[in-house]
Amino acid sequence: MRLTRYFLPVLRDTPKEAEIVSHQLMLRAGMIKQTAAGIYSWLPLGLRVLSKIENIVREEQNRAGAIELLMPTIQSADLWRESGRYEAYGKEMLRIVDRHERDMLFGPTAEEVITAIVRDSIKSYKDLPKNLYNIQWKFRDEIRPRFGVMRGREFLMKDAYSFDMTAEDARKAYQRMFVCYLRTFARLGLKSIPMKADTGPIGGDLSHEFIILAETGESQVFCHKDLIEGAVPGADTDFDGDLTPIISAWTSKYAATEEMHDAARFEAEVPVDSRVSARGIEVGHIFYFGTKYSEAMGARVQGPDGAMITLQMGSYGVGVSRLVGAIIEASHDANGIIWPVPAAPFEVALINLKVGDKDTDGVSADFYGKLQAAGIDVIYDDTDERAGGKFATMDLIGVPYQVIVGPKGVKAGEAELKNRKTGARETLSFDTALAKVVGAVKSERVLV
Ligand code: ATP
Ligand code: MG
C-alpha cells in the first residue's frame with residue numbers, strides 16, 4: 001500500500017476524551033473513530049488489525065474442531081422468552097420494535113439462537129458432539145462505555161457453543177476450548193492466565209476467564225506468579241486426545257478473579273514471594289452450564305437406546321475487538337504502538353527519505369515490488385513529508401520493521417533496517433536488508 005493513496009488520519013495530539021493509553025493510541029494512529037458513545041467506525045488501519053486477530057481466532061477455533069457459521073445481529077424476542085431471559089437480561093439489552101410491532105433485539109449473545117438451530121436440526125446422538133461458533137457484532141447497552149473498544153457498546157465477539165450427550169463429553173468440549181484459548185492469545189503475543197470465574201447471568205457451575213495482566217485492567221485478580229510464564233500447548237496438540245494433563249497444569253496453581261477470590265486459600269497455597277495481586281483485562285470467558293438452555297428450549301436428541309436426552313451445553317466467548325486494545329496495553333512505548341507481527345496492520349514500513357530523487361525513488365520502488373512479491377504486508381511511505389514526521393508516523397502506528405531508503409545510502413548501495421520493538425538500527429546492503437526483513441517477518445508470524 002502506498003501511503004499517498006491510503007487513508008491514515010493520524011492525530012499529533014493526544015485526544016482529551018481518552019483515559020487509557022490504548023484508546024489514545026488507537027485514536028492517534030487513525031484506527032478508529034467514535035460515532036456515538038461506545039460505538040466506533042473501524043478505519044482502514046484498525047480494520048486490518050481487527051481482521052488479523054479475527055483470523056487467528058478463527059484458525060484456532062477450527063484447529064480445536066469448532067465449526068463456523070454466522071448468526072444474525074438482530075434476534076427475535078420470542079426466542080428469549082422461551083429461555084426465560086428476555087425480562088431477566090435488563091437494560092443492557094437493546095430492544096427494538098419492528099414495523100409490525102414485533103419485539104426484536106440486537107443480540108448481546110446468542111445462546112438462544114444457536115440452541116434453536118441445533119434443536120431444529122439435530123435429532124440423533126449420532127450427530128454429536130458439535131461445537132458451532134460465529135464471529136459477529138454484539139450490542140450491550142453498557143451503563144458506562146469507556147476505554148474505547150475495550151468496553152464498547154457495539155463490539156466484535158467470537159462466540160462458540162458446544163452440544164454434547166453427557167456431562168463427561170461436555171467437560172471434554174470445555175477442555176478443548178480451554179486449550180484453544182491458551183493458544184489463541186499466545187499467538188497474539190499475549191500472556192493469558194485462565195482464572196476461576198463467576199458464571200453470572202449465563203449460569204452453570206464451571207467457568208474460567210482468560211485474563212491479560214495490565215495496570216489499566218478493570219478486574220482485580222490474584223494468582224501464582226508461575227502462571228504468567230506458563231507453557232502454551234503447541235500446534236501439534238491432539239484435540240481428540242486427553243487434554244486433562246494440560247488443564248491440570250494450568251489449574252493446579254491459584255488464580256481467581258475478585259468475585260471468586262478466597263484470601264485465606266490464596267495465602268495458604270501461594271508462598272509470599274509468588275503472590276501476584278494485579279489488575280487484569282478479560283479477553284475470553286468459557287462456561288459449562290449443562291442443560292440450562294436446552295431444557296428450557298426443548299433441545300433434545302434420541303440416544304442409543306431410543307430415549308430422549310437433553311443436550312449438555314457450554315459457551316465460549318472471545319472479545320475480538322477488545323483484543324485490539326488489550327494488545328496495545330501490553331505492547332507500546334512513548335512513541336506509540338508496538339505490534340507483534342501476527343497482529344500488525346502492516347509488517348514492514350518502507351520509508352523513502354527523498355521522494356522525487358530519481359535514484360532513491362528507483363531503489364524504493366524496487367524494494368516495494370520485492371517485499372510485495374515475498375508476500376509481506378508493506379506500507380510504502382512515498383509522501384514528501386520530512387524524515388522526522390515519517391519516522392514518527394511509522395513508530396506511532398507500530399509497524400514492526402522499517403526499511404529506510406535515503407539518497408546517501410542509495411549511493412553506497414545500502415538501506416537501513418529498524419526494529420520497532422528494540423529500536424535497533426543497522427545499515428545493510430540492499431539484498432541483505434531485504435533477506436533479513438523478510439526472514440524476520442516470516443519467522444515471527446507464528447509465535448506458537
Ligand atoms: P465484562 O465482565 O468485561 O463486562 P462479560 O463477562 O460481560 O464481560 P462475556 O459475556 O463473558 O462478557 O463476553 C465474552 C467476551 O466478550 C468477554 O470476555 C470480553 O472479552 C468481551 N466483551 C464483553 N463485553 C464487552 C464490551 N462491552 N466491549 C468489548 N468487549 C466485550
Ligand atoms: Mg465474562
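Below, all heavy atoms of this structure are taken into account, side chains as well, without hydrogens, waters or symmetry copies. For clarity, every value in this text was computed on a predicted model and none was experimentally measured. Indexing begins at 1, ligand by ligand and atom by atom, following the structure's order. Here, residue 1 is the first one in the sequence, and each next residue gets the next number.
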Closest approach to the Mg ion (ligand 2) by H285, given as the N, O or S atom name:
ND1
With a 4.0 Å cut-off on N to O distance, would you call E269 and K253 a salt bridge?
no
May I ask you to identify, for K138, whether its side chain, its backbone, both or neither come under 4.0 Å of ligand 1 on a heavy-atom basis?
neither
Numbering as shown, the atoms of ligand 1 that approach G284 to under 4.0 Å (heavy-atom distance):
18 (O)
Side chain or backbone, does G152 bring an N or O within less than 3.5 Å of an N or O on ligand 1?
yes
For the residue pair F289 and Y293, does the interplanar ring angle fall in the parallel (under 30°), tilted (30 to 60°) or perpendicular (over 60°) class?
perpendicular
What N/O/S atom of E282 is the closest to the Mg ion (ligand 2)?
OE2
Which segment of T109 sits under 4.0 Å of ligand 1 when only heavy atoms are counted:
neither
Within the structure, is a non-hydrogen atom of E209 found at a distance of less than 4.0 Å from ligand 1?
no
Lys/Arg N to Asp/Glu carboxylate O, R119 vs E82, below 4.0 Å:
yes
Start with the C-alpha gap between F222 and V276, add the side-chain angles, then the distance that decides, and say whether side-chain contact (heavy atoms from CB on, under 4.5 Å) holds.
CA-CA 6 Å; F222 304 86; V276 177; over 6 Å; no
Do the side-chain N and O atoms of T257 and Q220 include a donor-acceptor pair separated by under 3.5 angstrom?
no
E282 contact mode with ligand 1 (heavy-atom cut-off under 4.0 Å):
both
Should you measure from each heavy atom of E142, which atoms of ligand 1 turn up under 4.0 Å away?
24 (N), 26 (C), 27 (N)
Return the option from H285, R140, E92 holding the heavy atom at the smallest distance from atom 10 (O) of ligand 1.
R140
Indicate whether the side chain of H208 and that of Y288 have a donor and an acceptor atom separated by less than 3.5 Å.
no
Taking the six-membered ring of F239, is NZ or CZ of R176 closer than 6.0 Å to its centre and within 45° of its axis?
no
Relative to ligand 1, is R151 under 4.0 angstrom through side chain, backbone, both or neither, heavy atoms considered?
both
Quick one: are the ring centres of F210 and H285 less than 6.0 Å apart?
no
Contacting atoms of ligand 1, where contact means under 4.0 angstrom from a heavy atom of V149:
29 (C)
